[in-house]
Q: 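Structure below; questions to follow.
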Amino acid sequence: MRPVTFDLDILRSFVAGVDLGSFGRAADRLGRSTSAISAQMKKLEEQAGVPLLCKAGRGLALTDAGQTMLAYGRRLLELNDQAARAVQGAELSGRVRLGMQEDFGEMLLPRVLGQFARAHPYVRIEARVARNGELLERMALGQLDLALAWDFDARLPHAERLLDLPMRWIGPSQLADPPRGDGDGELPLVAFEAPCLFRTCATDALDRAGVNWRAAFTSPSLAGLWAAVSAGLGLAVRTPLGLPAGVRALAAGEQGLPPLSSIPLSLYRAQAQPDPVAAALADIVRQCVRDSSAAWATPSALFTTLPATVPA
């Protein structure tokens, strides 16, 4: 049986359509007509030999095979683009400044730095791990070239939303029953010092549910939060990504805790069109985030404006 060789140009259209939520917008982004994109999607399904798209209301959604194709398509495109830059710009040099939210300092930063250093040994990279507010402030002041940070309507330009992650209640991993309050029935809360997006989301959710709470432990650092939660002093709210061994994300509805929403994670750029060094680092950050968050990211579930000629 002759092996299938997927067309990277078609895969780029496919991934762009899903990421943008619309193949019409993908056509505009890629400088193609919608009919050309439609023909590409038809050819991609023919190459795959299985349906990748299915009808969902007024639009189209990915099938299970489509989700698999999306994951592999991203990897193939990232490798292709990295190879092109490595061949064309093997002697990249200069400096790039990266900021990263504390949640990803231990889990993601070493991978990003290692991959980038191997690919571009002549570039000096300066990294800063800090809380969200500080990162966004430094971006606004021009002190960082890239920043991986939570997106909560920061109104900064050149932000690229990478994915949505669910917020979860976080409890100690060694206790069968997470702490649910003292004699007064108040839930002990472990949180950053205000202002803190996660703290606000936690207290708002508890207030809406009519659950009394108290600030059991406050810390300026994420390490302090994890130490307090691991010791059983209270519950925190974060995402499931990058949790240390001493804590765990509670299952939805566990202990009768109120549900929480998702939070978008964005890659902020200092410039609309970053220089080759920053662009190369941004590619590695994107891929590392996607690889690390595959189990928790919220995929694009529905996209519209694809012409009806595409098989469904």
Q: Taking the side chain as everything from C-beta on, heavy atoms only, tell me whether Leu148 gets closer than 4.5 Å to Leu162.
A: yes

Q: Decide yes or no for Val247 and Ser173: does some side-chain heavy atom of the first lie under 4.5 Å from some side-chain heavy atom of the second?
A: no

Q: Ignoring hydrogens and angles, state whether a donor on the side chain of Glu193 or Thr218 is under 3.5 Å from an acceptor on the partner side chain.
A: no

Q: When you measure from the side chain of Thr63 to the backbone N and O of Cys54, does any donor-acceptor pair fall under 3.5 Å?
A: no

Q: CG of Asn132 to CE of Met100: how many Å apart, nearest 0.5 Å?
A: 12.5 Å

Q: Is there side-chain contact between Leu235 and Ile170, with at least one heavy-atom pair below 4.5 Å?
A: no

Q: Decide yes or no for Phe14 and Phe23: does some side-chain heavy atom of the first lie under 4.5 Å from some side-chain heavy atom of the second?
A: yes

Q: How about Leu206 and Pro258: do any of their side-chain heavy atoms sit closer than 4.5 Å?
A: yes

Q: Which heavy-atom pair separates Cys201 from Leu260 by the least distance, and what is that distance?
A: O-CD2, 4.2 Å

Q: Under the 3.5 angstrom rule, does the side chain of Glu45 hit a backbone N or O of Pro51 as a donor-acceptor pair?
A: no

Q: Side-chain contact test, heavy atoms from C-beta onward, threshold under 4.5 Å: evaluate it for Arg238 versus Asp103 and give yes or no.
A: yes

Q: Between CG of Leu146 and CG of Leu135, what distance do you get to the nearest 0.5 Å?
A: 11.5 Å

Q: Using side-chain heavy atoms (C-beta onward) and a distance below 4.5 Å, is Leu265 in contact with Phe104?
A: yes

Q: For side-chain contact (heavy atoms from CB on, under 4.5 Å), just list the numbers for Glu160 and Ser266, CA-CA rounded to whole Å, side-chain angles, deciding distance to a tenth of an Å, and then say yes or no.
A: CA-CA 5 Å; Glu160 173 190 354; Ser266 290; over 6 Å; no

Q: If you take all heavy atoms of Ala270 and Leu144, which pair is closest and at what distance?
A: CB-O, 3.5 Å

Q: What I'd like to find out is whether the side chain of Leu76 reaches to under 4.5 Å of the side chain of Asn80, using heavy atoms alone.
A: no

Q: Salt bridge check, Asp145 against Arg269: does any charged N sit closer than 4.0 Å to a carboxylate O?
A: no

Q: Check Gln115 against Cys288 and note the closest heavy-atom contact, atom names and distance.
A: NE2-SG, 3.5 Å

Q: Which value, rounded to the nearest 0.5 Å, describes the distance between Ile284 atom CD1 and His120 atom NE2?
A: 5.5 Å

Q: State the OG1-CG distance between Thr239 and Asp164, to the nearest 0.5 angstrom.
A: 11.5 Å

Q: Is Arg131 paired with Glu102 through a side-chain N to carboxylate O contact shorter than 4.0 Å?
A: no

Q: Whether the Asp9 and Gln40 side chains hold a donor-acceptor pair (N or O, under 3.5 Å, no angle test) is what I'd like checked.
A: yes

Q: Under the 3.5 angstrom rule, does the side chain of Arg97 hit a backbone N or O of Gly142 as a donor-acceptor pair?
A: yes

Q: Answer yes or no: is there a donor N or O on one side and an acceptor on the other, between the side chain of Ser230 and the main chain of Ala227, under 3.5 Å?
A: no

Q: Rounded at 0.5 Å granularity, tell me how far CG in Leu44 sits from CG in Asp7.
A: 9.0 Å

Q: Relative to Phe192, does Arg199 satisfy both conditions: NZ or CZ under 6.0 angstrom from the six-membered ring centre, and within 45 degrees of the ring's axis?
A: no

Q: Please report the shortest heavy-atom distance between Gln47 and Phe6, naming the atom on each side.
A: OE1-CD2, 3.6 Å

Q: Just by distance, do the side chain of Ser38 and the backbone of Thr34 share a donor-acceptor pair under 3.5 Å?
A: no

Q: Which value, rounded to the nearest 0.5 Å, describes the distance between Leu163 atom CG and Leu165 atom CG?
A: 5.0 Å

Q: Taking atom CG of Asp64 as the centre, does the number of heavy atoms from other residues, nucleotides or ligands within less than 6.0 Å exceed 12?
A: no

Q: Measure across Arg248 and Pro172 and return the closest heavy-atom pair with its distance rounded to 0.1 Å.
A: NE-O, 3.7 Å

Q: Give the C-alpha distance, both sets of side-chain angles, the deciding distance and a yes or no for side-chain contact (heavy atoms from CB on, under 4.5 Å) between Lys43 and Ile10.
A: CA-CA 8 Å; Lys43 182 177 180 181; Ile10 294 177; 3.5 Å; yes

Q: State, to 0.1 Å, how close Leu243 and Ala249 come at their nearest heavy-atom pair, and which atoms those are.
A: CD1-N, 3.7 Å

Q: Any carboxylate oxygen within less than 4.0 angstrom of a Lys/Arg side-chain nitrogen, looking at Glu126 and Arg128?
A: no

Q: Check whether the ring centres of Tyr268 and Trp150 lie less than 6.0 Å apart, and answer yes or no.
A: no

Q: Salt bridge (charged side-chain N to carboxylate O under 4.0 Å, His left out) with Glu78: which of Arg290, Arg286, Arg12?
A: Arg290

Q: List the steps, then state whether salt bridge (charged side-chain N to carboxylate O under 4.0 Å, His left out) holds for Glu254 with Arg168.
A: CA-CA 11 Å; Glu254 186 172 345; Arg168 299 282 290 275; over 6 Å; no

Q: Within the supplied structure, the quantity of interest is the number of heavy atoms (other residues, nucleotides, ligands) at a distance under 6.0 Å from Gln273 CD; does it exceed 12?
A: no

